[in-house]
Protein chains: 2
Amino acid sequence: MSPRLFGGLVLPASADFHVHLRDGAMLEAVAGTIKSGGVDTVFVMPNLVPPITTVEHALAYKEAIARYTDATLLMSLYLHPSITPDTIRQAKKAGLFGVKSYPAGVTTNSASGVVDYEQFYPLFKAMEEEDLVLNLHGEAPPAQDITVLNAEEAFLPTLLDLHRRFPKLRIVLEHCTTAAAIEAVKKCGPNVVGTITAHHLFLIIDDWAGDPINFCKPVAKLPTDRVALLQAATSGNPKFFLGTDSAPHPLSAKKGGLGIHEAGKCAAGVFTQPYATQLVLEAFEDAVTKGVVEKSRLSQVVLEGFLGGFGRKFYQIDHDGEKIRILAKDEKVISMLSVGGEAGANSTTRDVVIPFRRDSPIYSLEWIQTK
Amino acid sequence: MSPRLFGGLVLPASADFHVHLRDGAMLEAVAGTIKSGGVDTVFVMPNLVPPITTVEHALAYKEAIARYTDATLLMSLYLHPSITPDTIRQAKKAGLFGVKSYPAGVTTNSASGVVDYEQFYPLFKAMEEEDLVLNLHGEAPPAQDITVLNAEEAFLPTLLDLHRRFPKLRIVLEHCTTAAAIEAVKKCGPNVVGTITAHHLFLIIDDWAGDPINFCKPVAKLPTDRVALLQAATSGNPKFFLGTDSAPHPLSAKKGGLGIHEAGKCAAGVFTQPYATQLVLEAFEDAVTKGVVEKSRLSQVVLEGFLGGFGRKFYQIDHDGEKIRILAKDEKVISMLSVGGEAGANSTTRDVVIPFRRDSPIYSLEWIQTK
């Protein structure tokens with residue numbers, strides 16, 4: 001029996017600074033789970049198909065999401081050659097919060113795996129002036145000697161270079177997975193921060209080896225990396241805060257090439273939205289139980305900071321005062337989330353999302369109505 | 001278009017010194033594919049359920065396999081506390097060839113991941129005296145800081161220790177996947193050798209990340225490791241020869257926890273049996289094309305050695321003179337192998353095995369009748 005360290009704990013509602021909400025039926029299924037995870041504020045990733053590269057699209061997407069949730073929605077653009085410095089100024093005016101860079105959208109020197117952002121320097125200059133955040137998926141693209149294992153570490157010189165060139169640009173190194181990434185973020189000035197997901201506080205390479213449900217990019221790394229993430233998340237250093245990278249994929253996409261007539265890879269992504277806060281607390285509790293983190297580190301200030309406060313400060317947003325209470329009584333992670341209808345024994349597998357740690361016991365929480 | 005380097009090449013039939021043939025319907029489906037892969041001799045792994053721990057069981061299994069193939073069958077026992085030095089002497093007399101050790105069956109110090117073979121020293125002594133081969137699955141079991149990535153390297157001190165304690169014991173480090181393993185085998189005396197699979201000549205970590213069909217244990221490692229395997233396999237060093245570790249799993253087992261109501265990992269294993277020889281040649285050709293291996297290394301002697309000669313010499317068996325001819329004309333890897341009946345669009349997925357590199361072009365070969 002676990003000690004249920006956090007039973008009764010009252011916290012400001014969490015903020016999740018990296019979520020994928022998709023659109024259509026998936027958005028409808030997923031948006032409602034933001035609040036279940038104790039979260040009232042989300043930074044929404046712009047990687048729809050097609051990606052969000054205009055302010056109009058971002059605002060329309062925000063409106064679409066708002067039909068299903070009253071969570072505060074921080075919207076972003078997808079870094080793309082079609083975006084101009086003027087787009088950046090419009091974005092700031094329209095209340096967008098960031099521009100997300102994916103390595104796939106960036107010029108690369110495939111021999112060395114170096115990511116070349118030079119074409120975007122004028123944008124970054126405008127973002128620096130407008131104080132719009134740059135959100136980096138920090139992995140070097142596939143190349144000779146670059147693997148899923150060292151892709152993040154290989155990206156870090158690029159982070160340092162961008163920080164040197166644009167010292168006032170606020171940068172988030174999204175979903176840090178390595179001790180090296182944590183160190184790189186620490187080394188930078190205060191306007192470079194890192195998000196940490198809930199699932200990377202649990203997983204190492206062995207957990208996704210042969211388990212597509214736990215497979216995501218960046219992949220979970222070594223035990224020492226996981227420890228570094230847990231220690232950063234419980235350090236009280238405001239440079240590190242929660243961004244779950246919760247990424248719902250239909251089970252059919254998770255199956256990838258495992259069909260009789262299909263080929264291809266399993267979709268990369270772990271779905272944690274309905275339990276964002278609870279999972280972090282489970283991971284912290286487990287780390288205490290196993291001696292990885294000292295119990296004394298988990299002060300109210302540290303928990304509130306990692307789960308929302310540090311991120312809100314970085315993104316310069318206020319919290320409206322909503323609170324949640326963690327309950328000692330466990331619930332069980334759902335087996336699946338239905339998408340576009342009811343799922344059950346007789347339905348197809350096409351329309352469900354399997355959550356992280358399905359069927360496992362987990363903290364329950366309740367919202368404290370304050371308004 | 002690939003240059004089809006090996007079109008017209010005539011070779012002695014290959015020998016595959018590490019195969020899983022299973023039993024029941026799977027054996028029936030798989031046994032016939034030995035010859036398709038240009039192989040006339042197989043070293044058969046004893047990990048049935050229950051495992052083969054008696055000479056009687058091994059001989060009965062041999063008889064069962066022989067119903068479906070006329071390949072030469074080298075049989076083995078599964079290292080287990082129930083085996084006595086007397087079993088070893090019986091095994092030698094009965095014409096068995098090896099004893100296979102799996103880390104799961106061995107006492108471990110879980111804190112350090114050290115494999116402790118001490119309980120088996122009397123057996124190893126008897127094996128040394130009888131000149132029976134010890135076949136090692138060389139991976140440290142799961143433990144603090146041991147992952148799928150470093151489990152093989154962590155095992156190597158154990159290999160060296162066993163070799164030091166039993167210097168005349170013939171040992172095979174099965175399915176080497178790392179540069180470190182290759183170096184360790186080289187460092188030992190001539191009676192320590194290593195097998196190399198066909199699929200590890202192709203794969204790195206990125207290839208099984210998110211692709212359960214390519215997921216096996218030991219997992220494929222880094223690009224530098226793959227290069228080390230290719231270089232060892234093409235070096236002409238008789239310490240290294242083919243053992244495919246071909247491991248057929250029904251697709252349902254490969255899907256692991258990807259069912260609506262199922263949980264658990266995808267089965268680890270790659271099925272290469274029907275193309276054992278062809279895959280090795282494809283890997284060599286690709287390595288030449290990419291400049292990883294010099295074409296001049298691929299002499300008849302080197303190819304014959306890796307594909308059978310070196311292993312036959314190590315296991316002290318003669319070759320009966322059967323030959324194969326590699327054809328420049330490609331065929332296509334089958335999409336699936338039916339198990340226990342016909343598979344097709346309307347059949348369940350339960351009864352097929354998906355081969356490595358399904359649907360890819362591959363060398364064809366023909367048998368040259370010499371008797």
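This one's a predicted model, so the numbers in the text were calculated from it and none came from an experiment. Lettering of chains follows the sequences in order, A, B, ..., and the numbering in each one begins at 1.
When the ring pair (Phe, Tyr, Trp, His ring centres under 6.0 Å) test is applied to His18(B), the partners found at least two apart in sequence or on another chain are His20(B), His175(B). Listed by chain and residue number, nothing satisfies the ring pair (Phe, Tyr, Trp, His ring centres under 6.0 Å) test with Phe271(B) (two or more places apart in sequence, or in another chain).
Contact count against chain B (heavy-atom pairs under 4.5 Å) is highest for Pro223(A) among Pro223(A), Cys216(A), Ala268(A). Ranked by heavy-atom pairs under 4.5 Å with chain A, the list Thr224(B), Leu149(B), Asn150(B), Ile204(B) is led by Leu149(B).
Residues Val148(B) and Asp206(A) come closest through the heavy atom pair N-OD1, 2.8 Å.
In this structure, the separation between NZ on Lys265(A) and CG on Asn214(B) is 7.5 Å, given to the nearest 0.5 Å. Between atom NZ of residue Lys255(A) and atom CG of residue Leu251(B) there is a gap of 9.0 Å, rounded to the nearest 0.5 Å.
In this structure, the portion of Asp207(A) lying under 4.5 Å from any heavy atom of chain B is its backbone and not its side chain. Contacts of Ala209(A) with chain B are made by both backbone and side-chain atoms, with heavy-atom separations under 4.5 Å.
Contact check for Val219(B) versus Ile205(A): no side-chain heavy atoms found under the 4.5 Å cut-off.
No more than 12 heavy atoms of other residues, nucleotides or ligands shown are found within 6.0 angstrom of CD on Glu294(A).
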